A.B. asks: 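Sharing a structure below in structure tokens format, with a few things to ask.
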Amino acid sequence: MNRRRLSLLGAAAALTLAVAGCGSSQPAQDGSSGSASAAPVTLEQVKQDGVLTVGTEGTYRPFSFHQDGAGELTGYDVEVITEVAKKLGVEPKFEETQWDAIFAGLEAGRFEVIANQVTINDERKAKYDFSEPYTVSNGVIVTKADNSDINSFADLDGKTTAQSLTSNWYTLAKDSGANVESVEGWAQAVSLLEQGRVDATINDNLTYLDYQSTNNNKDIKVAATTEEQSKVGLAFQKGSTELVDAANKALDELRADGTLAKISEKYFGEDVSQ
């Protein structure tokens with residue numbers, strides 16, 4: 001994939017990538033609901049209990065979802081945190097909750113960690129502790145495979161892209177000079193692209209990889225990639241230092257032995273963990 005530098009306007013817009021987790025459909029409700037926060041969780045507590053309680057949506061494919069709708073909970077994030085728990089010598093216990101309540105659940109002590117594609121940013125780092133990233137992603141321009149006119153974000157000037165009007169990608173497209181055709185989401189954007197009704201669509205690379213892992217659509221390609229990256233980590237109650245350090249040690253070991261890459265390739269066809 002060619003990595004192209006954005007214009008200043010485009011770069012500023014790209015810095016807002018994935019404010020709702022890394023792609024969750026609802027905006028993140030970070031911060032306290034007004035009630036007192038639970039005490040930070042210690043590594044000793046988790047080991048004594050023998051369980052790491054994990055907050056996750058369970059409806060966010062391919063990261064946290066039920067196989068065939070009602071089957072076993074699975075997904076990229078579910079498998080990663082399961083392997084982390086194994087390294088800690090405990091069992092993961094999943095507490096499913098809606099995205100707009102997930103941070104409140106962490107603060108209230110309903111669970112000890114969130115594994116649900118939570119993007120690391122300065123606002124969240126002020127409220128929560130984060131592990132090192134286990135998912136790294138860029139924004140991408142997707143075009144038809146035979147398109148030779150679009151090779152950078154600057155090339156979108158005067159072109160037509162398909163975007164959801166409420167997404168950050170809409171802002172990036174407009175700042176790049178594109179005319180925007182409103183769509184409901186990724187599937188509709190790809191349909192318009194294949195029909196030749198738009199020139200491109202901008203989205204997260206993980207969305208593109210997930211789509212290609214099941215569709216293998218040779219009629220579309222990634223034409224350009226943002227330099228700015230969205231980084232996702234496990235989120236903990238502020239002050240859970242020893243538990244965060246243990247999770248980081250586990251992630252380092254899982255990265256070194258190829259486990260993270262294996263899980264990544266299962267869901268996305270390539271390593272998205274670094």
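The shown structure was predicted, so the numbers you read here are calculated from the model rather than taken from an experiment. Numbering of residues begins at 1 and proceeds along the displayed sequence.
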A.B. asks: Indicate if Val136 and Ile114 have the same hydrophobic cluster label, given that clusters are the connected sets of ILVMFWY residues with side-chain heavy-atom separations under 4.5 angstrom.
C.D. replies: no
A.B. asks: Using modelled atom types and a 3.5 Å cut-off, is there a donor and acceptor pairing between side-chain atoms of Asn248 and backbone atoms of Ser131?
C.D. replies: no
A.B. asks: Taking it one step at a time, do Val46 and Val41 satisfy side-chain contact (heavy atoms from CB on, under 4.5 Å)?
C.D. replies: CA-CA 8 Å; Val46 170; Val41 180; 3.7 Å; yes
A.B. asks: Determine whether Leu234 and Ile81 make a side-chain contact, defined as any pair of heavy atoms from C-beta on separated by less than 4.5 Å.
C.D. replies: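 Heavy-atom side-chain distance check passes, below 4.5 Å.
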A.B. asks: Is Lys86 salt-bridged to Glu83, going by a charged N under 4.0 Å from an acidic O?
C.D. replies: yes
A.B. asks: Would you check if the side chain of Ser176 reaches a backbone N or O of Ala178 as a donor-acceptor pair within less than 3.5 Å?
C.D. replies: no
A.B. asks: Working to the nearest 0.5 angstrom, can you tell me the gap between Lys221 NZ and Tyr208 OH?
C.D. replies: 10.0 Å
A.B. asks: Which heavy atom of Glu194 sits nearest to which heavy atom of Tyr211, and what is that distance?
C.D. replies: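 Answer, listing the atom of Glu194 first, then Tyr211: OE2-OH, 4.4 Å.
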A.B. asks: May I ask you to test the Thr241-Val244 pair for a side-chain heavy-atom distance under 4.5 Å?
C.D. replies: no
A.B. asks: What is the minimum heavy-atom distance between Glu91 and Ala85, and which atoms define it?
C.D. replies: C-CB, 4.3 Å
A.B. asks: For the side chain of Gln212 and the backbone of Asn217, is there at least one donor-acceptor N/O pair under 3.5 Å apart?
C.D. replies: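 Checked: pair present.
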A.B. asks: With a 3.5 Å distance limit and no angle check, can you tell me whether Asp155 reaches the backbone of Ser152 through a side-chain donor-acceptor pair?
C.D. replies: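 Yes.
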A.B. asks: Measure from the side-chain N and O atoms of Gln163 to the backbone N and O of Ile202, and report whether any donor-acceptor pair falls under 3.5 Å.
C.D. replies: yes
A.B. asks: Side-chain heavy atoms under 4.5 angstrom apart, residues restricted to Ile, Leu, Val, Met, Phe, Trp, Tyr: same cluster for Tyr170 and Leu192?
C.D. replies: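 Per the 4.5 Å side-chain linkage, Tyr170 and Leu192 are not co-clustered.
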A.B. asks: Would you please say whether a donor-acceptor pair under 3.5 Å links the side chains of Thr259 and Asp257?
C.D. replies: yes
A.B. asks: Identify the two heavy atoms, one from Ser64 and one from Leu73, that lie closest to each other, and give their separation to 0.1 Å.
C.D. replies: OG-CD1, 4.0 Å
A.B. asks: Looking at every non-hydrogen atom in both residues, tell me the closest pair between Asn138 and Glu228 and how far apart they are.
C.D. replies: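 That would be ND2-O, 3.5 Å.
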A.B. asks: To the nearest 0.5 Å, what is the distance between CG on Asn205 and CD on Gln229?
C.D. replies: 10.0 Å
A.B. asks: Ignoring hydrogens and angles, tell me if any N or O in the side chain of Lys238 forms a donor-acceptor pair with the backbone of Lys125 under 3.5 Å.
C.D. replies: yes
A.B. asks: Considering only NZ, NE, NH1 and NH2 on the basic side and carboxylate oxygens on the acidic side, decide whether Asp252 and Lys249 come within less than 4.0 Å.
C.D. replies: no
A.B. asks: Judged by modelled atom types alone, do Asp204 and Ser137 share a side-chain donor-acceptor pair under 3.5 Å?
C.D. replies: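 Checked: Asp204/Ser137 side chains pair up, N/O donor to acceptor below 3.5 Å.
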A.B. asks: Is the shortest side-chain N to carboxylate O distance from Glu242 to Lys47 below 4.0 Å?
C.D. replies: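 Not counted as a salt bridge, because no side-chain N and carboxylate O are separated by less than 4.0 Å.
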A.B. asks: Would you find a donor on one side and an acceptor on the other, under 3.5 Å apart, between the side chain of Asn147 and the backbone of Asp149?
C.D. replies: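 Answer holds: yes.
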A.B. asks: For Lys231, I'd like to know if atom NZ has over 12 heavy atoms of other residues, nucleotides or ligands within 6.0 Å.
C.D. replies: no
A.B. asks: Compute whether any side-chain donor of one residue and acceptor of the other, for Glu112 and Ser240, lie under 3.5 angstrom apart.
C.D. replies: no
A.B. asks: For the backbone of Ser264 and the side chain of Glu270, can you confirm whether one donor and one acceptor N or O come within less than 3.5 Å of each other?
C.D. replies: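 No, because the side chain of Glu270 does not come within donor-acceptor range (under 3.5 Å) of the backbone of Ser264.
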A.B. asks: Hey, mind stepping through Leu243 and Gln237 against side-chain contact (heavy atoms from CB on, under 4.5 Å) and telling me if it holds?
C.D. replies: CA-CA 10 Å; Leu243 185 55; Gln237 182 71 261; over 6 Å; no
A.B. asks: Could you check Leu43 against Asp245 for side-chain contact (heavy atoms from CB on, under 4.5 Å), going step by step and ending with a plain yes or no?
C.D. replies: CA-CA 9 Å; Leu43 178 61; Asp245 289 344; over 6 Å; no
A.B. asks: Can you name the nearest heavy-atom pair linking Glu96 to Arg110, along with the distance?
C.D. replies: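 Here Glu96 and Arg110 meet closest at O-NH2, 4.0 Å.
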A.B. asks: Surrounding CD of Gln195 (heavy atoms of other residues, nucleotides or ligands, distance under 6.0 Å), is the total greater than 12?
C.D. replies: yes
A.B. asks: Do Phe94 and Phe236 land in one hydrophobic cluster if side-chain heavy atoms of ILVMFWY residues count as linked below 4.5 Å?
C.D. replies: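 Hydrophobic grouping puts Phe94 with Phe236.
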A.B. asks: If hydrophobic clusters are built by linking Ile, Leu, Val, Met, Phe, Trp and Tyr wherever their side-chain heavy atoms come under 4.5 Å apart, do Leu156 and Val180 end up in the same one?
C.D. replies: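 Shared cluster, no.
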A.B. asks: Are the side chain of Thr201 and the backbone of Ala162 linked by a donor-acceptor contact shorter than 3.5 Å?
C.D. replies: yes
A.B. asks: Return yes if a side-chain donor-acceptor contact under 3.5 Å exists between Thr74 and Tyr267, otherwise no.
C.D. replies: yes
A.B. asks: Main chain of Glu184, side chain of Gln188: is a donor-acceptor contact present, judged purely on distance under 3.5 Å?
C.D. replies: yes
A.B. asks: Kindly compute the distance separating CG (Asp219) from OG1 (Thr143), expressed to the nearest 0.5 Å.
C.D. replies: 11.0 Å
A.B. asks: Is the Phe268-Phe63 ring centre distance short of 6.0 angstrom?
C.D. replies: yes
A.B. asks: Find the distance between CG (Asn116) and OG1 (Thr97) and round it off to the nearest 0.5 Å.
C.D. replies: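 Answer rounded to 0.5 Å: 9.5 Å.
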A.B. asks: Do Tyr134 and Leu254 make a side-chain contact, defined as non-hydrogen atoms from C-beta onward lying under 4.5 Å apart?
C.D. replies: no
A.B. asks: Check Phe130 against Tyr128 and note the closest heavy-atom contact, atom names and distance.
C.D. replies: CD1-O, 3.9 Å
A.B. asks: Kindly indicate, with the supporting measurements, whether the criterion side-chain contact (heavy atoms from CB on, under 4.5 Å) is fulfilled by Tyr76 and Val272.
C.D. replies: CA-CA 10 Å; Tyr76 175 76; Val272 300; 3.9 Å; yes
A.B. asks: Taking the side chain as C-beta and beyond, is there a heavy-atom pair between Phe103 and Val118 under 4.5 Å?
C.D. replies: yes
